[in-house]
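Comments concern the structure below.
Just follow the structure's listing: the first ligand is 1, and inside any ligand the first atom is 1. For the single chain, residues carry numbers from 1 onward in sequence order.
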Amino acid sequence: MAAEIKEFVKENGNQVIGQYTIEQVYAGMKGMVGMVTETSKLDPDEGIRFRGYSIPELCEKLPKSSAGPEPLPEGIFYLMLIGEMPSEDDVHNVSNLWARRAIVPKHVFDMLDKLPVNTHPMTQFSAAVMALQTESVFAAAYRKGLSKKEYWDPMYEDVMNLISRLPRVAAYIYRRMYKGGVHIEPDPKLDWAANFAHMLGYDDPDMKKLMRLYLTIHADHEGGNVSAHTTHLVGSALSDAYLSFSAGMNGLAGPLHGLANQEVIRWIIDLRNYYDGAMPTQEQIKEYVLKTMEEGKVVPGYGHAVLRKTDPRFIAQMEFAQAYMPDDENCKIIRMVYEVVPPILSGIKKIKNPWPNVDAHSGALLTHYGLIEYDFYTVLFGVSRAMGVLASLLWDRALGHPLERPGSVTTEWMKGRVVKSPV
Ligand SMILES: CC(C)(COP(=O)(O)OP(=O)(O)OC[C@H]1O[C@@H](n2cnc3c(N)ncnc32)[C@H](O)[C@@H]1OP(=O)(O)O)[C@@H](O)C(=O)NCCC(=O)NCCS
């Protein structure tokens, strides 16, 4: 593929693919094509496609465990990495490889134990990934001397090792913070997601099903979002997978990115408390949405930088709720909010997307099974997102992507570029 791209660029490299405006430069470069990511592509109206497959197609076609219809996340990783739909054997193979590699060195746990126990779980997660960097095969190989053509090989080892170890690290943080430091040993017979639920302390088979779905649908969202772009950017300096992924996680920890899922469930609980804990009516929800905006806050879980329709990942979670917890009150409220919010946001000109995103539902599902430590939700997101951004990082090295270094200018420079229209 590297040869194919080289040839493609040689033949077509001088073709113009777009124009952009001053406004776009000041508005976070949205809509400007500036990078290539092979693992997934986001369509504003249709949502994410992983190697061409939509979320509903993936839910149908990816291999499943014998326990239920939810896809195994090992499958989406295989699909993103190899570009082909995996067989059951392929998925089983990834599961086994990850189980065998999931050994976390003691110094990582020792480092975590030294942090104040109330350190935000995302800070602990990112720090733990940095502590794991001692294990980088890429960094060691690079120090010894490595041909450019071989970069991908030790990067593959890092990517596989890091993904396999993340559930153990995340579960350790969770049990340390919220369960008195009583830890649960992994069960290597379980698949990656089920084992994660098990180590967190959730052995309800339906929670394991939720974890499979959750980890699958959060895995990637093309390359320009903050965590994916950061991982790619830091990796472009030939930083190894640990350094790059930890940086990406610091971006995921921001409230406009991955932290929104904890904001949503807090908002739902606050809404309920505002009406004395009773099921709110549609009118009350409307009143509460308007109150939120009057206070200068965003309605969490709604809007998106690229999407312009309901996020199919929201729909997948809503269907899960209808199948497994049809009477859950928070999920019912989320469905009511879905009826109330889009018409309100549609009436506000500046808002480009009034529809729910992936974060609008996940908290209610996790809460249903007792995982109520909202601050931890972004860590779950991060464990899933590792699969997409690290599969991409591996492709970056395999394809020989260069150091990323966009130009930057001052406002003074910008003013000097303005073409004055004749008076
Ligand atoms: C996701 C998000 C950051 C996208 O931002 P964006 O690309 O700038 O979106 P837009 O161009 O539509 O925003 C234009 C304006 O509408 C506002 N807006 C967008 N979504 C809004 C929402 N859900 N509630 C209230 N106002 C919203 C923005 O804050 C912005 O206002 P400003 O110009 O005064 O700063 C934004 O929609 C948001 O903050 N949503 C809530 C948080 C959330 O759910 N994040 C998870 C993302 S997956």
Considering only distance and modelled atom types, tabulate donor-acceptor pairs under 3.5 Å from the side chains of residues 356-363, sequence neighbours left out.
unit_1 : atom_1 : unit_2 : atom_2 : d
N357   : OD1    : D359   : N      : 2.9
N357   : ND2    : G301   : O      : 3.3
N357   : ND2    : G303   : O      : 2.9

Could you go through ligand 1 and list every pair where one of its N or O atoms sits under 3.5 Å from a protein N or O, giving the atom names and the distance to one decimal?
unit_1   : atom_1 : unit_2 : atom_2 : d
ligand 1 : 11 (O) : K352   : NZ     : 2.6
ligand 1 : 12 (O) : K352   : N      : 2.9
ligand 1 : 23 (N) : V299   : O      : 2.9
ligand 1 : 23 (N) : Y302   : O      : 2.8
ligand 1 : 24 (N) : V299   : N      : 2.9
ligand 1 : 31 (O) : K350   : NZ     : 3.4
ligand 1 : 34 (O) : K350   : NZ     : 2.8
ligand 1 : 40 (N) : Y302   : O      : 2.9
ligand 1 : 44 (O) : G301   : N      : 2.8
ligand 1 : 44 (O) : N357   : ND2    : 3.0

Would you confirm whether the ring centroid of Y214 sits within less than 6.0 angstrom of the ring centroid of F320?
-> no
Separation between NZ of K332 and CD of Q322, rounded to the nearest 0.5 Å |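 Reported to 0.5 Å precision, the distance equals 11.0 Å.
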May I have the list of side-chain donor-acceptor pairs in residues 73-85 shorter than 3.5 Å, sequence neighbours left out?
unit_1 : atom_1 : unit_2 : atom_2 : d
E74    : OE2    : S95    : OG     : 2.6
E74    : OE2    : W192   : N      : 2.9
Y78    : OH     : D90    : OD2    : 3.4

For R176, enumerate each residue passing the salt bridge (Lys or Arg N to Asp or Glu O under 4.0 Å) test, keeping only those at least two apart in sequence or located in another chain.
->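 With sequence neighbours excluded, R176 shows a salt bridge (Lys or Arg N to Asp or Glu O under 4.0 Å) to D113, given in chain and number order.
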Does a donor on one side chain and an acceptor on the other come within less than 3.5 Å for Y377 and E263?
-> no
